[in-house]
Participant: 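Take this structure first; my questions come after.
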Amino acid sequence: MIEDPTEWQEDDVNNHDIAIHLQEIASLLEISDASVFRVRAFRRAAEAVEGYPESVVSAAVAQMLTHIEGVGASIAADITSFVERQSSETWDELAQEVPPTLLAVLELRGLGPKKVAAIWRELGVVDVEGLRQAVEQGKVAAMRGFSAKSEEKLKAEIERLGRMQGRTLLWRARAIATSLKRALEALPAVQRVAIAGSTRRWSETVGDLDLLATTSGEPRRIMESFVELEAVGEVLSNGPTKTTVRLRNGMRCDLRVVDDGFWGSALHHFTGSKFHHIELRALAKERGLKISEYGVVDAVTEEFLAGAEEVDVYAALGLPLIPPELREGHGEVSAALAGQLPELVTGKDIRGDLHMHTTASDGTASIEEMARACREKGHEYICISDHSQAVTIANGLTPQRLLAHAEDIRRVDAAIDGIRVFTGCEVDILRDGTLDIPNDVLASLDFVVASIHSGFHMSAQEMTERLLAAIESGVVDAIGHPRGRRLGQREAYEMDFDAILKAALAHDVALEVNASPVRLDLDGVHCRRAVEMGAKLVVSSDAHSVRGLEVLPFGVAMARRGWVTRASVVNALPLAEFCARYDGSRGARTP
DNA sequence: GCCGTTTTCGGCCCGACTGTTTTCAGTCG
Ligand SMILES: Nc1nc2c(ncn2[C@H]2C[C@H](O)[C@@H](COP(=O)(O)OP(=O)(O)OP(=O)(O)O)O2)c(=O)[nH]1
Ligand SMILES: [Mg+2]
Ligand SMILES: [Mg+2]
Ligand SMILES: [Zn+2]
């Protein structure tokens with residue numbers, strides 16, 4: 001138990017680290033042949049920790065861990081222990097029995113817990129290097145369950161291990177998936193094609209692509225054509241209804257083909273997530289039904305009841321359709337049961353874009369070019385928000401340049417028809433929490449975004465105070481990319497997110513949902529917490545070019561993944577209402 | 001290990017592909 005909260009440094013451990021620890025326990029348990037349900041309990045808890053919007057370390061200190069779904073007394077003790085000393089009783093005991101270096105061996109495709117246990121117990125292999133040697137000496141092929149062929153595959157997998165690519169950013173996954181979808185649609189006998197899996201759920205990163213196609217004819221015919229596609233490299237597994245390939249670009253892709261009559265249930269199955277399925281299928285089971293990709297059927301007679309369209313699957317359980325973005329096993333099934341699903345914000349609800357750059361700082365288009373492009377997109381209003389002077393590499397604006405820039409923006413606004421162009425700035429929040437532009441200058445602008453672009457290395461407490469100072473400044477309308485994470489490059493900075501939310505609510509400051517593909521910040525998990533606390537959001541492109549304006553749907557997706565409704569989104573306000581709140585200086589507004 | 005508008009004990013989602021398993025386990029989705 002943690003006695004004194006000052007004893008630990010919360011920067012040391014984050015939610016992801018804890019989730020990894022629980023996943024590793026699950027894997028070691030599998031190798032030691034523990035109950036599959038015990039293993040699943042650890043994996044479910046890991047998933048819940050990963051998706052927990054607040055610091056799990058804080059929850060541990062407050063002894064609130066068992067409030068996390070799937071975390072009971074035992075796993076709570078493991079987490080608390082991990083927070084204190086980066087390990088736990090369960091892990092320590094397991095590590096006595098099973099060498100943790102086997103976890104890397106388990107990463108190899110085709111080697112699951114049973115086979116890893118076999119090569120460990122029978123050959124004494126404890127790590128990848130040991131396995132490489134055993135393979136070279138031909139020891140593996142001689143074992144039961146292996147062969148010369150499987151040994152060759154293993155050899156190739158070990159070679160690949162070094163250059164395995166991780167998860168792919170959502171925007172790239174969607175681009176690749178879309179072109180594959182088109183290629184499949186062009187094949188004869190294909191009826192419908194859908195992008196499924198984590199890509200359809202708009203997960204911020206994607207492990208592999210999952211595509212569904214339906215046919216009136218022989219699924220095998222589609223598979224034959226699929227593996228011949230230009231984009232396809234190696235075929236990893238190839239059955240009549242499911243094929244797995246590695247694309248030439250390195251991504252893996254699964255194609256599932258079923259009869260068109262199963263379109264709905266197959267799409268539902270292949271969209272996931274796994275945890276959504278476990279919950280929904282358990283519910284069906286309680287009601288004497290069974291859900292699979294082949295429909296909702298009577299558990300006893302197997303009589304087909306529903307599955308032509310996705311909505312039918314849910315309807316068979318008396319539920320409304322749950323949008324793909326919510327299907328993460330994070331309470332959406334109970335919410336649907338209670339009739340409490342939110343009416344999610346949509347792209348159509350978005351009336352304007354309030355964060356974009358021009359040639360005045362590091363953008364490539366003029367004010368007018370951005371305004372015209374946004375008018376084309378149907379926006380009613382935009383705000384030009386160039387960088388402030390601290391961001392020297394982005395040619396950030398001094399107060400003088402900013403005032404002149406604001407005049408330019410007003411001139412464009414006066415000259416252009418069909419869209420309002422508001423004055424703004426993306427002002428830096430300096431290390432001490434002050435803003436990079438004097439308050440009176442900022443107060444003369446319509447909409448001010450305040451962001452952090454440097455000085456990330458500080459304690460959670462310092463970072464929280466820094467952000468709070470900006471929120472309380474009285475001249476800021478939104479916090480830009482609030483958590484500062486860049487996918488694959490930088491973790492979010494540590495902070496007391498709830499404290500930020502409370503202050504944002506109190507001072508009427510919105511939190512940005514930055515749609516830039518490497519940011520996606522806030523993400524779904526934190527959007528959900530934000531609106532739960534009553535805070536407002538603003539979904540912005542942060543475009544640095546006309547093309548950059550196209551990313552807005554990714555921001556909308558994060559909001560949707562966060563259970564966000566239109567009412568919580570500032571730029572879902574129609575122009576008149578937006579004007580009533582923001583036109584003119586912030587000072588004129590009562591908080 | 002977790003959990004409860006049927007349960008504090010007894011359940012826990014369901015199916016495709018691979019390979020050597022001669023009747024299905026292991027791995028993966
Ligand atoms: N019922 C059931 N369905 C599963 C299971 N595992 C995967 N699926 C379904 C739902 C998944 O969304 C879909 C594709 O599987 P993937 O492994 O590709 O997962 P997903 O795309 O969700 O995430 P990813 O980004 O690829 O890691 O297959 C499972 O254990 N049970
Ligand atoms: Mg996938
Ligand atoms: Mg997949
Ligand atoms: Zn920025």
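Every chain is numbered from 1, with letters handed out A, B, ... down the list of sequences.
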Participant: Please check this pair: side chain of A:Ser81 against backbone of A:Ala77, looking for a donor-acceptor N/O pair closer than 3.5 Å.
Facilitator: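 It does not hold such a pair.
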Participant: Could you check whether any side-chain N or O of A:Arg560 sits under 3.5 Å from a backbone N or O of A:Glu325, counting only pairs where one atom can act as donor and the other as acceptor?
Facilitator: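 Answer holds: no.
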Participant: With heavy atoms under 4.0 Å as the rule, sort A:Ser147 into base, sugar-phosphate or nothing.
Facilitator: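 It contacts sugar-phosphate atoms only.
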Participant: What I want to check is whether the side chains of A:Gln86 and A:His21 have a donor and an acceptor closer together than 3.5 Å.
Facilitator: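 A:His21 and A:Gln86 do not have a side-chain donor-acceptor pair below 3.5 Å.
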Participant: Can you tell me how far C1' in B:dT8 sits from the matching atom in B:dC3, rounded to whole Å?
Facilitator: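 Pairwise C1' distance, B:dT8 against B:dC3, rounds to 9 Å.
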Participant: Rounded off to whole Å, could you give me the OH-to-P distance for the A:Tyr294 and B:dG15 pair?
Facilitator: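 About 9 Å, once rounded to whole Å.
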Participant: Is the distance from OP1 or OP2 of B:dG1 to the nearest side-chain N or O of A:Arg43 less than 4.0 Å?
Facilitator: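 So the side-chain polar atoms of A:Arg43 never come under 4.0 Å of the phosphate oxygens OP1 or OP2 of B:dG1.
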Participant: Cut-off 3.5 Å, side chains only: do A:His16 and A:Glu50 have a donor facing an acceptor?
Facilitator: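 Present: a donor and an acceptor within the cut-off.
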Participant: Rounded to the nearest angstrom, tell me the gap between atom CD in A:Glu279 and atom P in B:dG11.
Facilitator: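 So the CD-P distance, A:Glu279 to B:dG11, works out to 21 Å.
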Participant: Could you check A:Glu293 against A:Glu69 and say which one's nearest nucleotide on DNA chain B is further toward the 5' end?
Facilitator: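 The answer here is A:Glu69.
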Participant: Quick one: do A:Phe146 and A:Ile119 satisfy side chain to side chain contact (heavy atoms under 4.5 Å, CB included)? Show the steps, please.
Facilitator: CA-CA 10 Å; A:Phe146 291 86; A:Ile119 58 172; 4.0 Å; yes
Participant: Evaluate side chain to side chain contact (heavy atoms under 4.5 Å, CB included) for A:Lys139 paired with A:Glu151, printing each intermediate quantity in order.
Facilitator: CA-CA 9 Å; A:Lys139 287 185 186 166; A:Glu151 194 177 63; 5.8 Å; no
Participant: Can you list, by residue number, the residues of residues 111-119 of chain A that have a non-hydrogen atom closer than 4.0 angstrom to DNA chain B?
Facilitator: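 Of all residues in residues 111-119 of chain A, the ones placing a heavy atom under 4.0 Å from DNA chain B are A:Leu111, A:Gly112, A:Pro113, A:Lys114, A:Lys115.
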Participant: Determine whether more than 12 heavy atoms belonging to other residues, nucleotides or ligands lie under 6.0 Å from atom CH2 of A:Trp171.
Facilitator: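 Open: at most 12 neighbouring heavy atoms sit under 6.0 Å from CH2 of A:Trp171.
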Participant: Among B:dG1, B:dC14, B:dT18, find the nucleotide with the atom closest to the side chain of A:Ser35.
Facilitator: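 Within the option list, the nearest is B:dG1.
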Participant: Give me the distance, rounded to whole Å, that separates B:dT21 from B:dT27 when you measure between the C1' atoms they each carry.
Facilitator: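 Looking at atom C1' only, B:dT21 and B:dT27 are 14 Å apart.
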Participant: For A:Asp210 and B:dA16, give me the distance from atom CG to atom P, rounded to whole Å.
Facilitator: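 Taking CG of A:Asp210 and P of B:dA16, I get 16 Å after rounding.
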Participant: Out of curiosity, A:Thr214 OG1 to A:Leu184 CG, how far, rounded to the nearest 0.5 Å?
Facilitator: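 Separation between the atoms: 11.0 Å.
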Participant: Could you tell me the separation between the CZ atom of A:Arg287 and the C1' atom of B:dT5, rounded to a whole number of Å?
Facilitator: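 Atom CZ in A:Arg287 sits about 12 Å away from atom C1' in B:dT5.
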Participant: Quick one, A:Asn249 with A:Arg172, criterion side chain to side chain contact (heavy atoms under 4.5 Å, CB included). Give me CA distance, side-chain angles, the key distance, then yes/no.
Facilitator: CA-CA 11 Å; A:Asn249 63 34; A:Arg172 181 159 184 266; 3.9 Å; yes
Participant: What nucleic acid atoms does A:Ile291 come within less than 4.0 Å of, heavy atoms only: base, sugar-phosphate, or nothing?
Facilitator: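 Sugar-phosphate: the residue A:Ile291, judged by heavy atoms under 4.0 Å, touches backbone atoms but no base.
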Participant: Under 4.0 Å between any heavy atoms, over every strand shown, what does A:Val71 touch: base, sugar-phosphate, or nothing? Just pick one.
Facilitator: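 It contacts sugar-phosphate atoms only.
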Participant: Checking contacts here: which listed nucleotide (B:dG15, B:dC28, B:dC3) is nearest the side-chain heavy atoms of A:Arg44?
Facilitator: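 Ranking B:dG15, B:dC28, B:dC3 by closest atom to the A:Arg44 side chain puts B:dC3 first.
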Participant: Send over the distance from A:Phe262 CZ to B:dG15 P, rounded to a whole Å.
Facilitator: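 Roughly 12 Å, once rounded to whole Å.
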Participant: With a 3.5 Å limit on both atom pairs, tell me what B:dT8 is paired to, counting Watson-Crick and G-U wobble, or say none.
Facilitator: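 Its partner is none (no Watson-Crick or G-U wobble pair with both distances under 3.5 Å).
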Participant: Rounding to an integer number of Å, can you tell me how far A:Leu212 CG sits from B:dA16 C1'?
Facilitator: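 To the nearest whole Å, that distance equals 14 Å.
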Participant: Can you measure A:Asp254 atom CG to B:dT18 atom C1' for me and round it to whole angstrom units?
Facilitator: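 The answer, rounded to whole Å, is 15 Å.
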Participant: Does A:Lys274 have a side-chain nitrogen or oxygen under 4.0 Å from the phosphate oxygens OP1 or OP2 of B:dG29?
Facilitator: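 For A:Lys274, the contact criterion (side-chain N or O under 4.0 Å from OP1 or OP2 of B:dG29) is not met.
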Participant: Are A:Asp521 and A:Arg486 close enough, and set up right, to give a salt bridge (Lys or Arg N to Asp or Glu O under 4.0 Å), and what steps lead you there?
Facilitator: CA-CA 8 Å; A:Asp521 174 19; A:Arg486 290 178 69 95; over 6 Å; no
Participant: Does B:dC14 have OP1 or OP2 sitting under 4.0 Å from an N or O in the side chain of A:Lys285?
Facilitator: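 A:Lys285 to B:dC14 OP1/OP2: side-chain N or O found under 4.0 Å.
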Participant: Which whole number of Å gives the distance between the P atom of B:dG15 and that of B:dT20?
Facilitator: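 26 Å, rounded to whole Å.
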Participant: Considering only the C1' atoms, how many Å lie between B:dG11 and B:dA16, rounded to the nearest integer?
Facilitator: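 Rounded to whole Å, the distance is 26 Å.
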Participant: Quickly work out the A:Leu211 CG to B:dG29 P distance and round it to whole Å.
Facilitator: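 It works out to 15 Å between those atoms.
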Participant: P atom, B:dT22 versus B:dG29: distance in rounded Å?
Facilitator: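 About 26 Å, rounded to a whole number of Å.
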Participant: Give A:Phe275 one of three labels, base, sugar-phosphate or nothing, depending on what nucleic acid heavy atoms sit under 4.0 Å from its own.
Facilitator: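 No contact.
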Participant: Using the P atom as the reference point in each nucleotide, state the distance between B:dC2 and B:dT6 in Å, no decimals.
Facilitator: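 Looking at atom P only, B:dC2 and B:dT6 are 24 Å apart.
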Participant: Say you pick atom P in B:dT5 and the same atom in B:dC12; how far apart are they, in whole Å?
Facilitator: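 Approximately 16 Å lies between the P atom of B:dT5 and that of B:dC12.
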Participant: If you round to the nearest 0.5 Å, how far is CG of A:Leu326 from CG of A:Leu344?
Facilitator: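 The distance works out to 5.0 Å.
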Participant: For A:Arg252 and for A:Arg144, locate the closest nucleotide of DNA chain B by heavy-atom distance; then report the residue assigned to the nucleotide nearer the 5' terminus.
Facilitator: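 Mapping each residue to its closest nucleotide by heavy atoms, the 5'-most match is A:Arg144.
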Participant: Let's see if you get this right: which residues in residues 237-248 of chain A place a heavy atom under 4.0 Å from DNA chain B?
Facilitator: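 The answer is A:Ser237, A:Asn238, A:Gly239, A:Pro240, A:Thr241, A:Lys242.
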